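Written out below as structure tokens is the structure these notes cover.
Proteins get letters first, then strands, A, B, ... in listed order; numbering begins at 1 in each. This is a predicted model, so every value here is computed, not measured.
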2 protein chains.
Amino acid sequence: MSTVKRDEVCEVSFINKKKVNFVKKRMKPERTFQLLAETFRVLGDPTRAKIIFALSQQELCVCDIANLLGMSKSAVSHQLRVLRNMRIVKYRKEGKVVYYSLDDDHIKNLFDECLNHVEE
Amino acid sequence: MSTVKRDEVCEVSFINKKKVNFVKKRMKPERTFQLLAETFRVLGDPTRAKIIFALSQQELCVCDIANLLGMSKSAVSHQLRVLRNMRIVKYRKEGKVVYYSLDDDHIKNLFDECLNHVEE
DNA sequence: CAAATAGTTGAACATATGTTCAACTATATC
DNA sequence: GATATAGTTGAACATATGTTCAACTATTTG
């Protein structure tokens, strides 16, 4: 073996092979962790958190959300697209106006659980 | 008024002032949304999601986590610091070895709820 | 049909974030 | 005390992300 010390995948023998194998067997597939992280990541931005909260209270159009948050319509629209892509919000068109609302109770539950956590 | 069209804070009259005020009254303080987003953001990375899941199954040292995830100790340690700062994991020292475990059931519940969501 | 308005979009920009690398500390062992 | 190992840390780097800006579409109204 070379004498070069490299900080790569813990070349060292396992500290506790049993424990590692125990967890390895229970580990979820890569795809699950990707989805999990993606879901949390979308909620993990203050602007999107505000939008989600606002829509949990009331169906709103883009302009109203922009007013509420003191942001540009463009910025809000970009974020709404992210939420749309993740199926977190849905929308309906009424003339020129596009009304957004939450698509999924699941997300609202998740959101509320975290809200209790940080508000306690 | 100038004729220049600028895409700033929706200068346009409100679409529905009543709705906006309704939500404005119920709106949480800025700080709450910051905390909320910060909490979600920490969970919103695949590496950290894996670490949290692993620690929900078994107390592990840094080297074992690195082995499990196929990552460098350094990368894992950096992420553990993030989780430590958010009080999501705690640790105990035993000689040279540092054992990490989840600090808070609250986070595990949040995590599991999202896991059900993406696994269904 | 022209003007106004709600909303969307892509490019540009600044900032945030995750991993690597190298150097470091602390503990155990020879 | 020298060496090896577990873990941490800061800087550097590449990439991801959020907002702005300007241009665009679509719908309504004069």
Side-chain angles (χ1 to χ4, degrees), chain A residues 1-16 20 33-34 37-38 40-51 60-67 69-86 89 91-100, chain B residues 1-16 20 33-34 37-38 40-51 60-67 69-86 89 91-100:
Chain A
M1 266 300 198
S2 85
T3 52
V4 182
K5 277 186 254 171
R6 284 171 306 163
D7 192 11
E8 56 179 38
V9 182
C10 205
E11 7 156 357
V12 187
S13 54
F14 294 75
I15 297 296
N16 192 326
V20 173
F33 287 113
Q34 294 294 337
E38 204 178 345
F40 280 127
R41 193 173 47 73
V42 170
L43 305 174
D45 169 78
T47 298
R48 287 192 293 267
K50 286 174 200 170
I51 292 176
L60 291 169
C61 68
V62 179
C63 210
D64 280 347
I65 299 173
N67 267 290
L69 305 191
M71 295 181 67
S72 72
K73 282 181 294 177
S74 175
V76 170
S77 181
H78 277 298
Q79 297 297 8
L80 283 170
R81 178 167 54 170
V82 175
L83 296 173
R84 235 161 43 218
N85 288 343
M86 288 293 289
V89 301
Y91 64 96
R92 67 184 178 84
K93 243 185 141 174
E94 202 172 277
K96 280 184 298 187
V97 183
V98 179
Y99 288 98
Y100 281 87
Chain B
M1 266 302 198
S2 84
T3 52
V4 182
K5 277 186 254 171
R6 283 172 305 162
D7 193 10
E8 55 178 39
V9 182
C10 206
E11 8 157 357
V12 188
S13 55
F14 294 75
I15 298 297
N16 192 325
V20 173
F33 288 113
Q34 293 295 337
E38 204 179 344
F40 281 127
R41 193 174 47 72
V42 170
L43 304 174
D45 170 78
T47 298
R48 287 192 293 267
K50 287 174 200 169
I51 293 176
L60 292 168
C61 68
V62 179
C63 209
D64 280 347
I65 298 172
N67 267 291
L69 305 190
M71 296 180 67
S72 70
K73 282 181 292 177
S74 176
V76 170
S77 182
H78 276 299
Q79 297 297 9
L80 283 169
R81 179 167 54 171
V82 174
L83 297 173
R84 235 161 42 217
N85 289 343
M86 288 293 289
V89 300
Y91 64 97
R92 67 183 179 84
K93 240 184 144 177
E94 201 172 276
K96 281 185 296 188
V97 183
V98 179
Y99 288 98
Y100 281 86

Contact under 4.0 Å: R48(A) side-chain N or O vs dG18(D) OP1/OP2: yes
Between P of dG18(D) and CG of L80(A), the distance in whole Å: 13 Å
Least distance between heavy atoms, I51(B) atom then Q79(B) atom: CD1-CB, 4.0 Å
Presence of S77(A) side-chain N/O under 4.0 Å of dG7(C) phosphate oxygens OP1/OP2: no
Side chain to side chain contact (heavy atoms under 4.5 Å, CB included) evaluation trace for I65(B) with L80(B): CA-CA 10 Å; I65(B) 298 172; L80(B) 283 169; 4.2 Å; yes
Closest non-hydrogen atom pair between T47(B) and L69(B), with its separation: O-CD1, 4.2 Å
Pairwise 5' ranking along DNA chain C for V97(A) and R81(A), keeping only the more 5' one: V97(A)
Rounded interatomic separation in angstrom, taking OH from Y91(A) and P from dA26(D): 13 Å
N or O in side chain of T47(B) less than 4.0 angstrom from dT19(C) OP1/OP2: yes
Under-3.5 Å donor-acceptor pair between S74(B) side chain and dC21(C) base: yes
Nearest heavy-atom neighbours spanning A49(B) and L43(B): CB-O, 4.2 Å
Any R84(B) side-chain nitrogen or oxygen under 4.0 Å from OP1 or OP2 of dT8(D): yes
Integer-rounded Å distance: dT29(C) P and K96(B) NZ: 7 Å
Nearest-Å distance for atom pair CZ/C1', residues F33(A) and dG18(C): 18 Å
Atom-pair distance (CG on N85(B); C1' on dT17(C)), nearest Å: 15 Å
CZ-CE distance between R48(B) and M86(B), expressed to the nearest 0.5 angstrom: 9.5 Å
Between P of dT17(C) and CZ of R41(A), the distance in whole Å: 12 Å
Any Q79(B) side-chain nitrogen or oxygen under 4.0 Å from OP1 or OP2 of dT17(C): no
pi-stack flag for H78(A) and dT9(C), centroid dist under 5.5 Å, interplanar under 30°: yes
For atom NZ of K73(B) and atom P of dG10(D), their distance in whole Å: 18 Å
Sugar-phosphate, base or nothing in reach of Y100(B), heavy atoms under 4.0 Å: sugar-phosphate
Whole-Å distance separating the CG atom of L69(B) from the C1' atom of dT19(C): 14 Å
